[in-house]
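First the structure, in the form of structure tokens, and then the observations on it.
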Amino acid sequence: MQWEVVIGLEVHAQLSTQSKIFSGAATAYGAAPNTQACAVDLALPGVLPVMNKGATERAIKFGLAVGAKINRTSVFARKNYFYPDLPKGYQISQFELPIVEGGSITIQVGDVEKTIRITRAHLEEDAGKSLHEDFHGMTGIDLNRASTPLLEIVSEPDLRGSAEAVAYAKTLHSLVQYLDICDGNMQEGSFRCDANVSVRPLGTDKLGTRCEIKNLNSFRFLERAVEYEVVRQIEIIEAGGKIAQETRLYDSDKDETRSMRSKEEAFDYRYFPDPDLLPMKISEAMIEEIQKTLPELPQAKRGRFMREFGLSSYDANVLTASKAMAAYFEQVVNQAGAANAKSAANWVMGDLAGALKRDNLEIAHSPVSADRLAGLVKRIADNTISSKIAKEVFEAMWQGEGDADAIIEAKGLKQITDTGAIEKIIDGIIAANPDQLAQYRSGKDKLFSFFIGQAMKATQGKANPQQLNDLLKQKLAG
Amino acid sequence: MSLTEADVKRIAHLARIEIEDKEVAPVLGQLSNILGLVEQMQAVNTDGIAPMAHAQDVSLRLREDRVTESDQHEAFQAVAPQVEAGLYLVPKVME
């Protein structure tokens, strides 16, 4: 039987506020344990939550960016369960009336564009962290993360397979960073996914029983976990079994998913409106203000790059995949001129991206600044150096040897464009290789590259390739 | 809607409230009375009335996003039963 994979994703994006969602404690990552957990986060008796405006604004910004409905009234609810890293015995979340409802984002898988509907996005607080290392048989609790603001973004089950799930997660990851509402740092847990996965016979409409895979904190784990889970479910059904609706955990070491909670009642969260928090009303003025702060979104930027700089859809896609990369590229083009946009794109996507990957660096920390890369692009465009020599200059810039002009000067890399000088070199080579010349003239065209090689060797690669080519052809023809 | 003794035990467990077997029957009676009251309210026609999320008809005040709390973990941990390496220690929990 042919199976169709159906996936919906729940993404938890940590909102980039200074303080927590319901308290004035700091949210900075990496602080010593419990130094950023105040009385409210600890749920000491008598404390009350006070909502952070910054978190509300970021949620609205997201809603506007995906064309969703911003609920003018939304309600906070208590999600009740017992766990030591949840001091109140409930998590404050939103249930019946979330702040954001509906909307969609467009993803690209290969050459195909697809619209993925968003069900809702709601505000909630994060829990603390349990450390299960041995503390004399006890568990250590760090509540620094407790009450950190999260936006949980829930998609409709519109994704058909791991490739689409990853494309959706990546698009969302890029979007929240463009919007500057989440730092997107997956190692630090600022962006995590849960995947609801089910399968059904191809061509049928009824959804199969789903399993939820929790805490996927990398795109690779998301891909692997979904692929494993799909095979597991199909095997069970084909063997005549039934899928049990449950929460599963992906174990990256074993590359498998396994059941997390067996007790059915663990899912009974008994939501009810939190009496400590009044309904949250959003004014039209607030929405208008936030609308004004919306930046150019990735899709619009992609279109503009194609239009203004004549880039291909592929190039524009790669260059707008992250806000930092798009900004870097635009800065290079601003300095080097729009006429050199294609060259700039090749450098950013090629040598620069390669060097960043090699040295495991983010573009924001590139040793070669956008201005310096633009300086290099300009020297290629005005024929001061060939693109081959430019690679050497780039590497020298990467090693911190100065800007392109200084390196070209110091290393004597300036291209030889003087026709007379090139002719002189060619004459010398022809004279020194009479046999090859005779063979070439008798029809062995392949020897042309031999002469090019000799000339490049003689000039240490500095002869202008086009000029050399033309002049050599003339001379060899006799 | 009527509750069973099994429901009472399950609800008690979810709320981590310990009730002895002899208490189950009286608690069942009390809870059923409350549900009876709810049923009475549900019989009222509420067409066109928005559900109420809070008893007071005011809306949430939003606070500016500023860090206003300082580190007081020493004071908080002084009253905690067990602490080590800055962590609150609790009986072992396993996932």
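- Contact residues of residues 74-84 of chain B toward chain A are B:Phe76, B:Gln77, B:Gln82, B:Glu84 (heavy-atom distance under 4.5 Å).
- B:His73 and B:Asp71 make their closest contact through ND1-OD1, 2.8 Å (heavy atoms, listed as atom of the first residue, atom of the second, distance).
- By number of non-hydrogen pairs under 4.5 angstrom with chain B, the leading residue of A:Leu42, A:Thr73, A:Thr27, A:Thr56 is A:Leu42.
- Within the 4.5 angstrom heavy-atom criterion, only side-chain atoms of A:Phe76, from C-beta onward, approach chain B.
- Contacts of B:Arg61 with chain A are made by both backbone and side-chain atoms, with heavy-atom separations under 4.5 Å.
- Closest non-hydrogen pair, A:Asp41 versus A:Ser147, comes out as OD1-CB, 3.4 Å.
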Apply side chain to side chain donor-acceptor pair (under 3.5 Å) to B:Thr68 and B:Arg63, showing your working.
CA-CA 11 Å; B:Thr68 52; B:Arg63 138 185 89 77; 5.6 Å; no
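- For CG of B:Asn33, the number of neighbouring non-hydrogen atoms (other residues, nucleotides, ligands) closer than 6.0 Å is greater than 12.
- Considering only residues two or more places apart in sequence or on other chains, A:Lys79 meets the salt bridge (charged side-chain N to carboxylate O under 4.0 Å, His left out) condition with none of them.
- Heavy-atom distances place both the backbone and the side chain of A:Val50 under 4.5 Å from chain B.
- Shown here are the side chain to side chain contact (heavy atoms under 4.5 Å, CB included) partners of B:Gln42, two or more places apart in sequence or in another chain: B:Val38.
- Between chain B and the options A:Ala77, A:Pro273, A:Pro33, the largest number of non-hydrogen pairs under 4.5 Å is found for A:Pro33.
- Annotation: maximal heavy-atom pairing with chain B below 4.5 Å, among A:Ser130, A:Cys38, A:Gly89, occurs at A:Cys38.
- Between A:Tyr250 and A:Phe221, the ring planes lie tilted relative to each other; the angle falls in the 30° to 60° range.
- Counting heavy-atom pairs closer than 4.5 Å to chain B, the top residue among A:Gly128, A:Ala32, A:Ser23 is A:Ser23.
- No side-chain donor-acceptor contact under 3.5 Å links A:His12 to the backbone of A:Cys193.
- Contacts between A:Lys129 and chain B at a heavy-atom distance below 4.5 Å are absent for every atom of the residue.
- In this structure, A:Glu246 and A:Ser259 approach most closely via the heavy-atom pair OE1-OG, 2.8 Å.
- Looking at A:Gln18, both its backbone and its side chain come within 4.5 Å of chain B, counting heavy atoms on both sides.
- Only the side chain of A:Leu44 comes within less than 4.5 Å of a heavy atom in chain B; its backbone stays farther off.
- Looking at A:Pro279, the atoms closer than 4.5 Å to chain B (heavy atoms on both sides) sit in the backbone and in the side chain alike.
- Ranked by heavy-atom pairs shorter than 4.5 Å toward chain B, the options A:Ala37, A:Ala31, A:Ala26 are led by A:Ala26.
- Contact of A:Tyr90 with chain B is not made at all, since no heavy-atom distance falls under 4.5 Å.
- In terms of heavy atoms, A:Gln177 sits closest to A:Asp183 at OE1-O, 3.5 Å.
- A:Thr17 and A:Arg58 are not linked by any side-chain donor-acceptor pair at a separation below 3.5 angstrom, with hydrogens and angles left out of the test.
- Every residue meeting the salt bridge (charged side-chain N to carboxylate O under 4.0 Å, His left out) condition with A:Asp255, not counting sequence neighbours, appears here in chain and number order: A:Arg224.
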